[in-house]
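What's counted below: heavy atoms across the whole structure, side chains too, no hydrogens, waters or symmetry copies.
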Amino acid sequence: MAQFFLKLFLFFLLISPAYSQGFDWQYSPRLPFKAPVLFVGGIAQYDLLKHFGDVQYIEGVYQCAAFKSGSGGGYSGGLHAEYWQTGFLALTGSILYENVPAAFKADGD
């Protein structure tokens, strides 16, 4: 799975422009000037997770095991967009897939 996200990251890296947000931020001698208002980008991350809880497995009247903490490594990826309506107001939105696994271990009683 990690190789898939590495290939996906390299794909987006190759197709993304090399300049900042697609706009030359130098002032123009002829003000006002047109500035872009829509920005779209990708999101990719890897998470180290720590889970806490109180999960008990009970069979009949006997408690078999109690799980108190767990851990895992999750990942997420998606798209993010930002639309500037005015100089002080922006609307943002994201489409994101996130995997949050957990591995709990406990000794049986």
Side-chain angles (χ1 to χ4, degrees):
M1 188 56 77
Q3 288 181 346
F4 169 74
F5 278 102
L6 178 62
K7 289 178 184 177
L8 187 65
F9 172 74
L10 290 175
F11 172 74
F12 282 115
L13 185 66
L14 292 175
I15 65 168
S16 66
Y19 44 90
S20 173
Q21 297 181 357
F23 180 67
D24 183 9
W25 290 103
Q26 298 174 1
Y27 284 108
S28 170
R30 296 184 194 158
L31 295 175
F33 56 90
K34 279 197 117 44
V37 294
L38 178 64
F39 302 96
V40 179
I43 302 169
Q45 70 182 37
Y46 180 77
D47 302 314
L48 296 176
L49 306 168
K50 186 70 176 166
H51 301 279
F52 299 98
D54 189 6
V55 181
Q56 298 178 2
Y57 286 112
I58 299 173
E59 185 174 329
V61 294
Y62 300 104
Q63 178 176 338
C64 298
F67 299 94
K68 299 289 183 186
S69 65
S71 62
Y75 56 87
S76 61
L79 292 173
H80 180 78
E82 184 175 288
Y83 177 76
W84 285 85
Q85 286 188 326
T86 68
F88 297 102
L89 178 64
L91 302 173
T92 63
S94 297
I95 297 174
L96 183 69
Y97 172 77
E98 188 166 7
N99 180 17
V100 184
F104 287 88
K105 293 181 183 177
D107 295 331
D109 293 340

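By the side-chain contact (heavy atoms from CB on, under 4.5 Å) test, Ile43 is found to be paired with His80, Ser94, Leu96, residues two or more places apart in sequence or in another chain being considered. Here Ala90 pairs with Glu82, Trp84 under the side-chain contact (heavy atoms from CB on, under 4.5 Å) rule; sequence neighbours left out. Under the rule for a side-chain hydrogen bond (donor to acceptor under 3.5 Å, both in side chains), Ser71 has no partner lying at least two apart in sequence or in another chain.
When all heavy atoms are compared, the tightest approach of Pro101 to Gly73 is CG-O, 3.3 Å. Pairing each heavy atom of Gly74 with each of Leu49, the nearest pair is N-CD1, 3.7 Å.
Linking ILVMFWY residues whenever their side-chain heavy atoms come closer than 4.5 Å, directly or via other members, leaves Val40 and Ile95 in distinct clusters.
Shown here is Leu91, whose CG atom has more than 12 heavy atoms of other residues, nucleotides or ligands within 6.0 Å.
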